[in-house]
Amino acid sequence: MNRFSVLLLAAALSSASDVWAEDAACATVKLGDPGWSDIAVTNGIASFLLDGLGYKAQTQTLAVPIIFAGLQKGQVDVFLGNWMPAQQSNYDKFVASGEVDKLAQNLEGTEYTLAVPTYAYEAGVKTFADLDKHADKFGKKLYGIASGSPANESIRQMIAADEFGLGDWTLVESSEQAMLVQVGRAVKRDQFVVFLGWTPHPMNVQYDMKYLKGGEKYFGDSGEVNTLARKGYAAQCPNVGKLLSNLTFTQEMENSIMDQMLSKQASNDAAIKAWLQANPQVLEGWLDGVTTRDGGDGLAAVKARL
């Protein structure tokens, strides 16, 4: 073996050892989860891929402000649910300031604002300004999700400012699931109900619903979802960082998986695996340039799990 070949071999071995000698802290990937159905899907996809690559995914269910604080303090590694512009204040405080890293935009064309059943919309409730005109029918209640969520804070600000005449309305805070139970009850009785809606989410399939216009000051227009990581994470764990930068989703994908969970009563993991079995081509883009934790063929390792 000549000197040039020896140098090439040494370089290759050095590169491989860099992967295999990856920081031990990278072995477990801590994912923030605010308890939303759509993020359960994206976290589930990330977990399936990470497990196939030899990592351990660990999901932590926390309120959005706690997730951002966790990213800042290094207690959470990754957050796939940075909904924008709904989380603009948190984004400005932690990401724009450089304390938390944005790795990628993983979804576009989202909606996140107040919604009503279509029968209420057709009865004249088409904008935020129309709500108070029908206050008695709504019982002056706005149904939100978990306490501390950015969307709830936007609703609270509207009430405090008496925006759209909502100063004497009440925000009802609860979990996503509890909110949708209330919506389901109202729909069965053809009662008026206004609630926090978003897409992708199976509520758009379950209910004939419309999104209200006029609240862009608080909720923005059509938005996006970003993947965030604790500062320096992608440099410390470049293989996982590459995977996370590659991960992009579509509304059709997320709605399909969530709908399968509901209509077929499949578990989150089973629905994700079934979707990936039917759409294995998506793995090539997600795993481009990604290896297993020990430096092996990442695409082959994940496909073997299907």
Side-chain angles (χ1 to χ4, degrees), residues 32-43 61-69 71 79-95 105-117 120 125 127-132 138 140-164 166-167 169-183 186 193-204 206-207 209-226 228 251 254 258:
D33 186 346
W36 304 338
S37 298
D38 58 303
I39 307 306
V41 168
T42 54
N43 274 349
T61 303
L62 305 164
V64 171
I66 307 263
I67 291 174
F68 273 90
L71 288 166
F79 182 37
L80 294 169
N82 171 219
W83 276 71
M84 295 291 286
Q87 296 173 14
Q88 188 69 55
S89 60
N90 284 313
Y91 185 93
D92 291 343
K93 181 178 179 180
F94 294 100
V95 184
Q105 175 187 304
N106 65 53
L107 185 68
E108 60 182 4
T110 60
E111 291 262 19
Y112 195 53
T113 189
L114 294 181
V116 296
V125 187
T127 71
F128 279 55
D130 293 326
L131 288 168
D132 200 48
F138 286 106
K140 295 189 177 182
K141 291 180 180 178
L142 297 153
Y143 289 90
I145 49 176
S147 176
S149 71
N152 281 17
E153 292 309 306
S154 293
I155 295 171
R156 203 184 302 283
Q157 288 171 24
M158 286 192 300
I159 292 173
D162 194 18
E163 194 86 58
F164 313 110
L166 299 174
W169 284 51
T170 301
L171 167 63
V172 181
E173 295 185 301
S174 60
S175 67
E176 170 194 322
Q177 293 76 17
M179 179 190 76
L180 292 175
V181 166
Q182 181 63 38
V183 173
V193 61
V194 56
F195 58 98
L196 185 63
W198 62 91
T199 180
H201 192 280
M203 72 174 81
N204 298 277
Q206 287 178 293
Y207 305 116
M209 56 185 275
K210 299 287 187 183
Y211 292 94
L212 302 183
K213 295 295 183 183
E216 290 78 13
K217 172 183 174 181
Y218 293 93
F219 292 96
D221 207 336
S222 181
E224 64 188 39
V225 183
N226 297 322
L228 308 181
Q251 297 204 36
E254 293 189 30
M258 286 187 282

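When reading the values below, keep in mind they use all heavy atoms of this one structure, side chains included, and skip hydrogens, waters and symmetry mates.
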Open item on the list: What's the separation between atom NE2 in His201 and atom CD in Gln206, rounded to the nearest 0.5 Å?
Closed with: 7.5 Å
Task: Minimum side-chain heavy-atom gap Lys93-Phe68 below 4.5 Å - done: no
TODO: Could you tell me which non-hydrogen atom of Gly144 sits nearest to which non-hydrogen atom of Ser174, and how far apart they are?
DONE: O-OG, 3.6 Å
Task: Test item: Val183 and Met209 side chains (from C-beta on) under 4.5 Å apart, heavy atoms - done: no
Open item on the list: I'd like to know whether CD of Glu108 has more than 12 heavy-atom contacts from other residues, nucleotides or ligands below 6.0 angstrom.
Closed with: no
Open item on the list: For Gly214, is there any backbone N or O sitting under 3.5 Å from a side-chain donor or acceptor partner on Glu216?
Closed with: yes
Task: Val225 side chain reached by Leu80 side chain, heavy atoms, under 4.5 Å - done: no
Task: Separation between CG of Asp132 and CG of Asp162, rounded to the nearest 0.5 Å - done: 8.0 Å
Open item on the list: Below 30° counts as parallel, above 60° as perpendicular, anything between as tilted: where do the rings of Phe164 and Phe128 land?
Closed with: tilted
Task: Closest approach of Ala161 to Tyr218 (non-hydrogen atoms, all atoms of both residues) - done: CB-OH, 4.3 Å
TODO: Compare all side-chain heavy atoms of Phe219 with those of Glu111 and state whether any distance is below 4.5 angstrom.
DONE: no
Task: Shortest non-hydrogen contact from Pro34 toward Phe79 - done: CD-CE1, 3.8 Å
Open item on the list: Any side-chain to backbone donor/acceptor pair from Tyr112 onto Ala151? Under 3.5 Å, distance only.
Closed with: no
Open item on the list: If I compare all heavy atoms of Gly220 with all of Pro85, which pair ends up nearest, and what's the gap?
Closed with: CA-CG, 3.5 Å
Task: Under 3.5 Å: donor-acceptor pair, side chain of Asn90, backbone of Pro65 - done: no
TODO: Determine whether the side chains of Asp130 and Thr127 contain a donor N or O and an acceptor N or O closer than 3.5 Å.
DONE: yes
TODO: Mind running side-chain contact (heavy atoms from CB on, under 4.5 Å) on Leu142 and Ile159 for me, showing each step along the way?
DONE: CA-CA 10 Å; Leu142 297 153; Ile159 292 173; 4.0 Å; yes
TODO: Measure from the side-chain N and O atoms of Gln182 to the backbone N and O of Val193, and report whether any donor-acceptor pair falls under 3.5 Å.
DONE: no
Open item on the list: Whether the side chain of Glu176 engages the backbone of Ser37 through a donor-acceptor N/O pair (distance < 3.5 Å, no angle test) should be reported.
Closed with: yes
Open item on the list: With a 4.5 Å cut-off on side-chain heavy atoms, are Leu131 and Leu114 touching?
Closed with: yes
- [ ] Measure from the side-chain N and O atoms of Asn82 to the backbone N and O of Asn226, and report whether any donor-acceptor pair falls under 3.5 Å.
- [x] no
Open item on the list: Run Val64 and Trp83 through side-chain contact (heavy atoms from CB on, under 4.5 Å) and show every step you take.
Closed with: CA-CA 10 Å; Val64 171; Trp83 276 71; over 6 Å; no
Task: Close side-chain approach of Phe94 and Leu228, heavy atoms under 4.5 Å - done: no
Task: Shortest non-hydrogen contact from Pro150 toward Gln87 - done: CG-CG, 3.6 Å
Task: From Thr199, Asn204, Thr113, residue fulfilling side chain to side chain donor-acceptor pair (under 3.5 Å) relative to Tyr211 - done: Asn204
TODO: Check the pair Arg156, Glu173 against side-chain contact (heavy atoms from CB on, under 4.5 Å), reporting the backbone distance first and the verdict last.
DONE: CA-CA 10 Å; Arg156 203 184 302 283; Glu173 295 185 301; 2.7 Å; yes
- [ ] Please report the shortest heavy-atom distance between Gly32 and Ile39, naming the atom on each side.
- [x] O-CG2, 4.3 Å
- [ ] Keeping the roles fixed (side chain from Gln251, backbone from Gly109), state whether a donor-acceptor pair exists under 3.5 Å.
- [x] yes
